[in-house]
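Structure first, commentary second.
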Protein chains: 2
Amino acid sequence: MFIKIEPQSDVPIYEQVTRQIIEGIARGDMQSGDTLPSVRNLAADLGVNMHTVNKSYHELEEKGIITIRAKSGAIIRSTEERILTPEQLQQIEKNLKPVVAEGMVLGATVEQIERMMKQVCADLQIPVEGV
Amino acid sequence: MFIKIEPQSDVPIYEQVTRQIIEGIARGDMQSGDTLPSVRNLAADLGVNMHTVNKSYHELEEKGIITIRAKSGAIIRSTEERILTPEQLQQIEKNLKPVVAEGMVLGATVEQIERMMKQVCADLQIPVEGV
DNA sequence: TATTTGTTATATAACCAACATAACAAATTA
DNA sequence: TAATTTGTTATGTTGGTTATATAACAAATA
């Protein structure tokens with residue numbers, strides 16, 4: 001798989017797994033309907049504990065990104081199933097706020113931050129008009 | 001002061017303090033050259049421990065936002081002193097990435113996320129062209 | 001001089017991250 | 001059907017972080 005763990009990061013391992021799976025889906029490495037590797041397989045692959053991966057999968061389920069079928073496997077939900085709720089939109093905005101605020105206080109302009117956002121989108125290979 | 005602590009948030013108290021001070025500066029509630037309250041005063045004000053606020057101040061210093069003068073006080077650095085280093089820009093982009101990626105996977109469009117970013121800027125009362 | 005300041009030190013309690021091991025029961029596969 | 005694989009649950013341990021409390025120090029300030 002495409003996941004790389006940085007053991008001495010301040011980001012917890014289970015969070016690293018969660019983020020990189022999300023980025024993998026955004027990038028198109030994985031599609032709706034695809035099955036994630038079993039928690040044991042991925043854990044062995046990454047050299048981490050089974051429960052660490054399991055925690056990540058449940059975080060993904062809580063975010064509404066995958067469906068875990070007990071004793072069967074984890075499946076990436078289709079985009080149709082993933083309807084953006086107002087709560088999710090609010091959550092994204094809540095996550096965005098401290099990042100933007102810090103950037104501004106450090107002296108970044110709105111234009112710079114917008115440029116960075118487009119750069120991130122480009123990294124995720126998401127088509128943006130004008131990129 | 002303008003800081004409100006949510007004790008049962010999953011965000012640590014010292015992190016809440018850090019973020020709200022950053023937002024306060026971005027919003028213009030505090031300006032460059034202003035002195036932050038002493039760690040003891042702010043701690044008493046918020047009903048938290050001295051060391052919790054102290055940790056927050058040192059986080060702000062590490063981010064390059066304030067200067068702590070030993071046995072004197074903490075001062076908000078001027079925008080001129082705060083020159084955006086490439087490392088800082090990269091850090092902002094690194095912080096931005098998981099938020100944007102999650103939004104996209106949940107079904108948000110680039111336009112929606114850009115709109116949210118402008119909303120955040122508006123909350124921070126930062127003038128953006130066309131707002 | 002007395003007060004206020006950040007600093008440093010020590011100690012404690014609670015919680016979280018991560019690991020290890022084991023067993024269970026349902027789903028899948030051979 | 002039998003063996004394997006699956007997520008689930010349980011228990012325990014280790015290490016680190018968060019947050020508190022208390023105390024003392026030395027420099028800056030009033």
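If you're wondering where the values come from, they're calculated on a predicted model, not measured in any experiment. Every chain is numbered from 1 and lettered A, B, ... according to where its sequence line falls, protein lines coming before strand lines.
Using a 4.5 Å heavy-atom cutoff, the side chains of B/Leu36 and B/Leu42 are not in contact.
Atom CE in B/Met50 sits roughly 8 Å away from atom C1' in C/dT7 (whole-Å rounding). The separation between B/Gln8 atom CD and D/dT18 atom C1' is 16 Å, rounded to whole Å. Here the P atom of nucleotide D/dT5 and the CG atom of A/Leu42 are 17 Å apart, to the nearest Å. Put simply, NZ on A/Lys55 is 15 Å from P on D/dT8, counting in whole angstrom units. Per the geometry, CD belonging to A/Glu15 stands 12 Å off C1' belonging to C/dA17, to the nearest Å. Rounded to an integer number of Å, the gap from CG of B/Asn54 to C1' of D/dA21 is 15 Å. Across the protein-nucleic acid pair, B/Glu59 atom CD and D/dT17 atom C1' stand 13 Å apart, rounded to whole Å. Whole-Å rounding puts the A/Ile75 CD1 to D/dG7 C1' distance at 13 Å.
Between A/Arg19 and A/Glu15, at least one side-chain nitrogen of the basic residue sits less than 4.0 Å from a carboxylate oxygen of the acidic one, meeting the salt-bridge criterion.
The phosphate of D/dA19 has neither OP1 nor OP2 within less than 4.0 Å of any side-chain N or O from B/Tyr14. Side-chain N/O atoms of A/Ser38 include none lying less than 4.0 angstrom from OP1 or OP2 on D/dT5. A sub-4.0 Å separation between OP1 or OP2 of D/dG7 and a side-chain N or O of A/Tyr57 is absent. When the side-chain nitrogen and oxygen atoms of A/His58 are compared with OP1 and OP2 of D/dT8, one or more of them lie within a distance under 4.0 Å.
In this structure, the nucleotide among C/dG6, D/dT18, D/dT22 sitting nearest to the side chain of B/Asn49 is D/dT22. When distances run from any side-chain atom of A/Thr52 to the nucleotides C/dT5, D/dA19, C/dC19, the shortest one goes to C/dC19. The side chain of B/Arg40 sits closest to C/dT5 out of D/dT8, D/dA10, C/dT5.
For the pair B/Asn41 and A/Pro12, both in contact range of DNA chain C, the more 5′-proximal nearest nucleotide belongs to B/Asn41.
The distance from atom CG of B/Leu124 to atom CD1 of B/Ile25, rounded to the nearest 0.5 Å, is 12.0 Å.
A donor-acceptor contact shorter than 3.5 Å links the side chain of B/Gln20 to the backbone of B/Lys4. For B/Asn41 (side chain) and B/Ser38 (main-chain N/O), no donor-acceptor pair under 3.5 Å exists by modelled atom type. At distances below 3.5 Å, at least one donor-acceptor pair connects side-chain atoms of B/Gln88 with backbone N or O atoms of B/Thr85.
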Would you check, one step at a time, whether the test salt bridge (charged side-chain N to carboxylate O under 4.0 Å, His left out) holds for A/Lys118 with A/Glu114? CA-CA 6 Å; A/Lys118 294 199 172 175; A/Glu114 279 183 337; over 6 Å; no
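Between the side chain of A/His51 and the base of C/dA17 there is no donor-acceptor pair of N/O atoms closer than 3.5 Å.
Listed by residue number, the members of residues 60-74 of chain B with any heavy atom below 4.0 angstrom from DNA chain C are B/Ile68, B/Arg69, B/Ala70, B/Lys71, B/Ser72, B/Gly73.
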